[in-house]
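What follows is a single structure, written as structure tokens, with notes after it.
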Number of protein chains: 2
Amino acid sequence: MASHGARGRSGGRPTLEEVAARAGVGRGTVSRVINGSPRVSDATRAAVEAAVAELGYVPNTAARALAANRTDAIALVVPEPETRFFAEPYFSDMLKGVGAELSDTEMQLLLIFAGSDRERQRLAQYLAAHRVDGVLLVSVHADDPLPDLLSQLEIPAVISGPRSARESLASVDSDNYGGARSAVEHLLSRGRRHIAHITGRLDVYGAQRRVDGYRAALRDAGHDADERLIEAGDFTEEGGRSAMVELLRRRPDLDAVFAGSDVTAAGARQALREAGRRIPDDVALVGYDDSAIARHMEPPLTSVRQPIEEMGRAMIDLLLTEIADRRPAASRGLERHQVVLATELVERASS
Amino acid sequence: MASHGARGRSGGRPTLEEVAARAGVGRGTVSRVINGSPRVSDATRAAVEAAVAELGYVPNTAARALAANRTDAIALVVPEPETRFFAEPYFSDMLKGVGAELSDTEMQLLLIFAGSDRERQRLAQYLAAHRVDGVLLVSVHADDPLPDLLSQLEIPAVISGPRSARESLASVDSDNYGGARSAVEHLLSRGRRHIAHITGRLDVYGAQRRVDGYRAALRDAGHDADERLIEAGDFTEEGGRSAMVELLRRRPDLDAVFAGSDVTAAGARQALREAGRRIPDDVALVGYDDSAIARHMEPPLTSVRQPIEEMGRAMIDLLLTEIADRRPAASRGLERHQVVLATELVERASS
DNA sequence: ATCACTTGTGGGAGCGCTCCCACACTACCT
DNA sequence: AGGTAGTGTGGGAGCGCTCCCACAAGTGAT
């Protein structure tokens, strides 16, 4: 009795109502069983479950979403071009943690790229349509309007990286400051005295914090910071190479380099090689991220490991909590969830 | 007047009805405007569009999905562990093509991994719930039950790679057979006579086809196929290395290697180096995929380029057509869409 | 003037759920 | 006996759309 032309194909998926009829109970009871409500007698539950199995019933997500005003889906938003997503191990590790933590949930994960303006446009539409219950925002840049949009739309969200003061979103971060400190302290303990730093992209909060940590470690050790020992990179190999060239020109006497990422370190290594400097004999090198690159570099690279996978897990935990008590961060006052995970220095032959 | 406790939060999203009231028209008319029906007068359309803009109306996807029985979303299913997804450039190129082709559509793309049994279980649930309008299946293995499941559920789907006889799904493939032929013919034309082949994983159709092409090229050139010149790899670097070691042991006189992928070629190169063979002087090497690895190898690797991005585009085209005329492949008889795109040999210093 | 279309429009019915109120029934106190 | 909980259950109302039927109004042929 399909009244709409487009319906009734595909052999007719069974509905709640049909399951109820089959089990000899009411619609509400079946709904309770499906949703795991405790207020159902064991006998009834068994009868309903049998009917569900016989009919091969699968709930209609659209109907549920409409009635209950939730989608059972969350989005992992990557505000970067896809290229970077695949190039940086950060994202794949993050995805692994997120996926693992989500695997015993009913939640569906969507991956959304928002690198170009056009993609951002689409994303805004998407969020406005409330097609997800929550958002994981990885790699937030300074002045990014996304966090504001999110809290305006009152969509639960968790960002990775440090949170700037004005934002009211929950966040998970690794201790970039401490990680940088430990790298520099390590180099100092190895007797290095002229330690340079190639930064990451400074519009990424984390990179900025690493610079702070670098400065603090030097200051605490009684070294005066020489600005000529700091050069901006951009997380790319080429950026690392050219920054290294520049540093060697300015301070030919440097004996150690702390790079803002492993990829940057790879670029720096190249420049050092070309300049005839041996690693670690002439110049010690330390990277950041402890990615596969670090292990495979020649010589193997000392690097600061971030617990990225754990960060992913933590982000999901926070987000699910946030969704569960449906009160977006903004409206719950100042008390905001912020998790900071420790880093670990992995020592290898390059330092 | 929110009757459900959970509703009416978030400042009340405007509904179709409210837009209709504001524009002084009926519900149906607004729906027609939203969906771009031509049967609306210009004046009315303008009035509705104004109301939409003033109210900031965004259609409720769940309601639409429920009423129209479509989701405006398609899934890109990767039947592989995530690790492989990130490791092989194939997927990122594919994703790029798919994304590009989809960007002027309303369709949402979901990325779903189905590497483990558990993930497959979830996927089956997901598909049974008809949460997507169509599926893109990349990297299908032999005996994979997914294609059958898909046609059973009557979900429009397109697979990448050659289609086995029994499947009724549309497919897009690159010419693996021809690509392999061209690689071998190239090596022959360079005067190589003992050409070995390290295969990909043979449960992947494409890898099998490459073996066929390799054999055919040799046969046509009047060489008798020596099975000792063929060794199975698995698309990994380590697999390529150990296969090469084995080949060198069996046929120390070989003077060329055609590898099933660039990554495999990288492994082979390593083994050749260790054995003291120079590339291309002693042994010529050709890869497959023309990925970034090929360009950066030392020496740069000759490789067969597959138009992966174009494949992604073509898959989307097919799928959207399939969805548009809502008739899944199976029910439309034998005439099935199958697109095969040509490959191109990119010559570099390794051969 | 009549008929036969075509074009534009309004609104009822229905998609398959969830939420919640109402009600029956039991158990245990006063 | 009457009250007061608590427990399990049925089903109405409603979520915000799309589809389609009905109908008004216009257009041209007869």
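Chain A is the first sequence line, chain B the second, and so forth, proteins listed ahead of strands; every chain is numbered from 1.
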Among C/dG10, C/dC17, C/dC20, the one nearest A/Arg32 by side-chain distance
C/dC20
Tell me whether the OP1 or OP2 atom of C/dT18 has a side-chain N or O from A/Asn35 closer than 4.0 Å.
yes
Would you say B/Ser160's side chain and B/Val172's backbone share a donor-acceptor pair under 3.5 angstrom?
no
For the backbone of A/Leu146 and the side chain of A/Asp144, can you confirm whether one donor and one acceptor N or O come within less than 3.5 Å of each other?
yes
Integer-rounded Å distance: C/dT7 P and B/Arg39 CZ
6 Å
From the candidates C/dT18, C/dG10, C/dG16, the one with an atom nearest any side-chain atom of A/Arg64 is C/dT18
Rounded to the nearest Å, what distance is computed from the NE2 atom of residue B/His130 to the C1' atom of nucleotide C/dG16?
14 Å
B/Thr29 side chain: which of C/dG8, C/dG10, C/dG16 is closest?
C/dG10
Is the side chain of B/Asp133 donor-acceptor paired with the backbone N or O of B/Ile74 at a distance under 3.5 Å, no angle test?
no
Under the 3.5 angstrom rule, does the side chain of A/Asp93 hit a backbone N or O of A/Glu309 as a donor-acceptor pair?
no
Rounded interatomic separation in angstrom, taking CZ from B/Arg13 and C1' from D/dC15
12 Å
Is it the case that more than 12 heavy atoms not belonging to B/Gln152 sit under 6.0 Å from its CD atom?
no
CZ of A/Arg32 to OG1 of A/Thr29: how many Å apart, nearest 0.5 Å?
4.5 Å
CG of B/Leu66 versus P of D/dG14: gap in Å, rounded?
17 Å
Double-helix bend of the helix from C/dA1-D/dT30 to C/dT30-D/dA1, axes at both ends from 5 pairs, round to 10°, gives 50°
Length of the line joining B/Leu16:CG and C/dG12:C1', which is rounded to integer Å
15 Å
Residue pair A/Pro14/B/Pro38 against DNA chain C: nearer the 5' end by closest nucleotide is B/Pro38
DNA chain D: 5'-proximal contact among B/Gly28 and B/Ala62 (nearest heavy atom):
B/Ala62
Check step by step if side-chain contact (heavy atoms from CB on, under 4.5 Å) holds for B/Met107 and B/Ile316.
CA-CA 10 Å; B/Met107 283 283 179; B/Ile316 289 293; over 6 Å; no
OP1, OP2 of D/dG11 versus side-chain N and O of A/Arg27: anything below 4.0 Å?
no
Checking D/dT18, C/dG16, D/dG16 against the side chain of B/Asn60 (C-beta onward), the nearest is D/dG16
Does B/Glu101 reach the main-chain N or O of B/Gly97 with its side chain, forming a donor-acceptor pair under 3.5 Å?
no
A/Ser31 side-chain N/O to C/dC17 phosphate OP1/OP2 under 4.0 Å:
no
Check this one for me: any side-chain N or O of B/Ser41 less than 4.0 Å away from OP1 or OP2 of C/dG8?
no
Could you check how far CG of B/Asn69 sits from C1' of D/dT18, rounded to whole Å?
11 Å
Measure from the side-chain heavy atoms of B/Tyr57 and tell me the nearest of C/dG10, D/dG10, D/dC17.
D/dC17
Name the closest nucleotide to the B/Ala67 side chain, picking from D/dT9, C/dT18, D/dT18.
D/dT18
I want to verify a distance call: between D/dG16, D/dT18, C/dG10, whose nearest atom is closest to the B/Thr15 side chain?
D/dG16
Whole-Å distance separating the CD1 atom of A/Ile34 from the P atom of C/dG16:
15 Å
Nearest whole Å is fine: how far is C/dG16 C1' from B/Arg131 CZ?
15 Å
